Amino acid sequence: MTSALDPAGEQPLGAILMAAGRLRADENERILRLQRDRGLRFGDAAVELGLASERDIRYAMARQFEYSCLQPGESAVSASVVAAFDPFSAQTEALRALRSQLMLRWFDPAAGRKTLAIVSAARGEGRSWMAANLAVAFSQLALRTLVIDADLRRPSLHTLFGLENGSGLSALLLGRAEPDAIRRVPELRSLAILPAGVIPPNPQELLSRPTLSRLLQQYSAAFDIVIIDTAAGDRCADGVMVAARARAALMVARRNASRMTAVRRYAQRLGESGVGLAGSVMNGG
């Protein structure tokens with residue numbers, strides 16, 4: 001059972017749960033009495049009385065330790081962004097492990113290594129899911145994190161984060177001033193999102209412009225981590241161009257779906273364009 005401590009000087013778990021509407025004041029008093037009489041931790045007492053679930057206690061602990069997360073049903077963010085909703089799930093633990101490997105292998109702000117493209121050889125292999133969840137995971141380290149949707153053919157980050165897609169990267173690449181292009185999810189304090197914007201008729205030409213390099217330099221100065229979603233590699237050269245400007249890529253494949261010959265061929269194309277592979281990850285089938 002997950003138990004909860006009330007560190008000195010921190011907001012008590014009961015107060016967090018009451019503020020979230022998950023606990024009434026009289027229920028909180030019952031938990032405190034049992035905690036005092038039996039010498040239990042608050043979380044153990046609450047669960048024993050049936051007044052809070054393990055999920056409730058984990059949510060309160062995340063808030064108590066300033067770990068940014070969302071409540072199901074109270075945000076426009078898609079439930080598939082598991083790192084934002086369920087910090088204790090096996091999927092989120094796997095994302096943390098991947099985050100640690102990327103911190104060791106690639107990200108180094110002192111050396112100017114702040115940008116990473118998320119690529120895959122084909123559609124449906126989980127690039128956007130990986131980009132969204134990795135961005136959340138990095139933001140939960142209190143690192144200023146920007147995730148950019150550079151898939152100007154089939155963008156989806158705006159859908160995952162529950163945002164409108166009226167303005168975004170495509171307009172910025174044209175040199176238009178878009179002061180509201182970068183959006184934020186209030187509850188995820190260190191995270192910012194740059195949607196793709198209006199889908200253009202010429203995505204490859206837009207991404208080939210020097211403007212993209214200038215934007216990435218600008219964002220690298222303003223953020224600690226910049227993660228870029230890209231288009232599938234088997235349909236166009238967009239992903240290679242974006243990854244070349246990011247200087248490194250994370251290859252995503254899907255178990256029982258990806259063709260390894262296609263993955264190897266795409267990795268070779270990236271290498272020939274000067275892109276270093278920071279790693280590869282296999283999504284579940």
Side-chain angles (χ1 to χ4, degrees), residues 62 65-70 77-78 80-85 87 91-120 126-151 155-158 160-161 163 168-169 172 181-196 207 212-230 239 241-252 270 275-281 283:
F65 285 91
E66 299 182 349
Y67 186 85
S68 297
C69 62
L70 304 174
V77 177
S78 169
S80 65
V81 187
V82 291
F85 288 99
Q91 280 183 307
T92 305
E93 288 293 349
L95 286 162
R96 287 195 195 99
L98 176 59
R99 178 186 67 190
S100 297
Q101 288 298 311
L102 290 172
M103 294 290 282
L104 290 171
R105 295 182 182 184
W106 172 245
F107 287 112
D108 184 354
R113 297 204 301 262
K114 293 185 174 184
T115 57
L116 179 72
I118 309 300
V119 302
S120 73
R127 284 183 323 280
S128 299
W129 182 92
M130 185 62 65
N133 279 280
L134 264 183
V136 171
F138 276 107
S139 75
Q140 288 167 336
L141 289 175
L143 294 171
R144 296 167 301 167
T145 304
L146 174 66
V147 58
I148 300 174
D149 197 338
D151 184 349
S156 59
L157 285 185
H158 64 285
L160 287 171
F161 286 105
L163 303 170
L169 179 63
L172 294 174
I182 293 179
R183 326 286 176 77
R184 294 187 181 272
V185 178
E187 300 89 342
L188 301 173
R189 288 167 291 187
S190 297
L191 180 67
I193 302 102
L194 175 57
L207 292 167
L212 179 58
S213 294
R214 291 197 295 268
L215 286 172
L216 292 181
Q217 290 174 358
Q218 174 186 331
Y219 297 144
S220 293
F223 292 89
D224 300 310
I225 300 289
V226 179
I227 292 175
I228 313 166
D229 191 16
T230 65
M241 288 188 296
V242 173
R245 284 155 178 76
R247 296 171 48 206
L250 174 70
M251 178 73 75
V252 177
L270 289 164
V275 180
L277 276 182
S280 59
V281 61
N283 273 332

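Excluded from the calculations below are hydrogen atoms, water molecules and symmetry mates; all remaining heavy atoms, backbone and side chain alike, are included. Treat the numbers as computed from the prediction; the structure is a model and nothing was measured.
Ser190 and Ala142 get closest at one heavy-atom pair: OG-CA, 3.7 Å. Nearest heavy-atom pair across Gly112 and Arg247 is O-NH1, 3.7 Å. Closest of all the heavy-atom pairs between Ala150 and Leu169 is CA-CD2, 3.7 Å. Nearest heavy atom pair, residue Leu250 against residue Leu98, reads CD2-CD2, 4.1 Å. Shortest non-hydrogen contact noted between Val119 and Gly239 is CG1-O, 4.5 Å. Nearest heavy-atom pair across Ala181 and Gly168 is CB-CA, 4.2 Å.
Taking a cutoff of 4.0 Å between a charged side-chain nitrogen and a carboxylate oxygen, Asp151 and Arg127 qualify as a salt bridge.
Annotation: side chain of Leu172 is in contact with side chain of Leu215 (closest heavy-atom distance under 4.5 Å). The side-chain heavy atoms of Trp129 and Val81, taken from C-beta on, include no pair separated by under 4.5 Å. Side-chain contact between Ile228 and Leu216 is present, with at least one heavy-atom pair separated by less than 4.5 Å. Annotation: side chain of Phe161 is not in contact with side chain of Ser78 (no heavy-atom distance under 4.5 Å). Between Val185 and Ile193, the closest side-chain pair of non-hydrogen atoms falls below 4.5 Å.
A donor-acceptor pair is defined here as one N or O able to donate and one able to accept, closer than 3.5 Å; no such pair exists between the side chain of Asp149 and the backbone of Pro155.
Here Gln101 pairs with Arg105 under the side-chain hydrogen bond (donor to acceptor under 3.5 Å, both in side chains) rule; sequence neighbours left out. Every side-chain hydrogen bond (donor to acceptor under 3.5 Å, both in side chains) that Ser128 has, sequence neighbours left out, goes to Ser156, Asp229. Under the side chain to side chain contact (heavy atoms under 4.5 Å, CB included) criterion, Arg214 pairs with Pro210, Thr211, sequence neighbours left out. In this structure Phe138 satisfies the ring pair (Phe, Tyr, Trp, His ring centres under 6.0 Å) test together with Phe107, sequence neighbours excluded. Qualifying side chain to side chain contact (heavy atoms under 4.5 Å, CB included) partners for Ala192, counting only residues two or more places apart in sequence or in other chains: Leu146, Ile182, Arg184, Phe223. Listed by chain and residue number, Thr145, Val147, Leu191, Ile227 satisfy the side chain to side chain contact (heavy atoms under 4.5 Å, CB included) test with Ala135 (two or more places apart in sequence, or in another chain).
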*Walk me through it: do Arg183 and Leu194 pass the test side-chain contact (heavy atoms from CB on, under 4.5 Å)?*
CA-CA 6 Å; Arg183 326 286 176 77; Leu194 175 57; over 6 Å; no
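Between the CE atom of Met130 and the CG atom of Leu95 there is a distance of 6.0 Å, given to the nearest 0.5 Å. Atom-to-atom distance recorded for Ile148:CD1 and Leu157:CG is 10.0 Å, nearest 0.5 angstrom. Note that CZ of Arg99 is 11.5 Å distant from CG of Leu104, once rounded to the nearest 0.5 Å. Here the straight-line distance linking atom CG of Leu134 with atom CG of Leu116 works out to 8.0 Å at 0.5 Å rounding. Annotation: the span from Lys114 atom NZ to Trp106 atom CH2 amounts to 12.5 Å, rounded to 0.5 Å. The CD atom of Gln217 lies 10.0 Å from the CG atom of Leu212; values are rounded to the nearest 0.5 Å.
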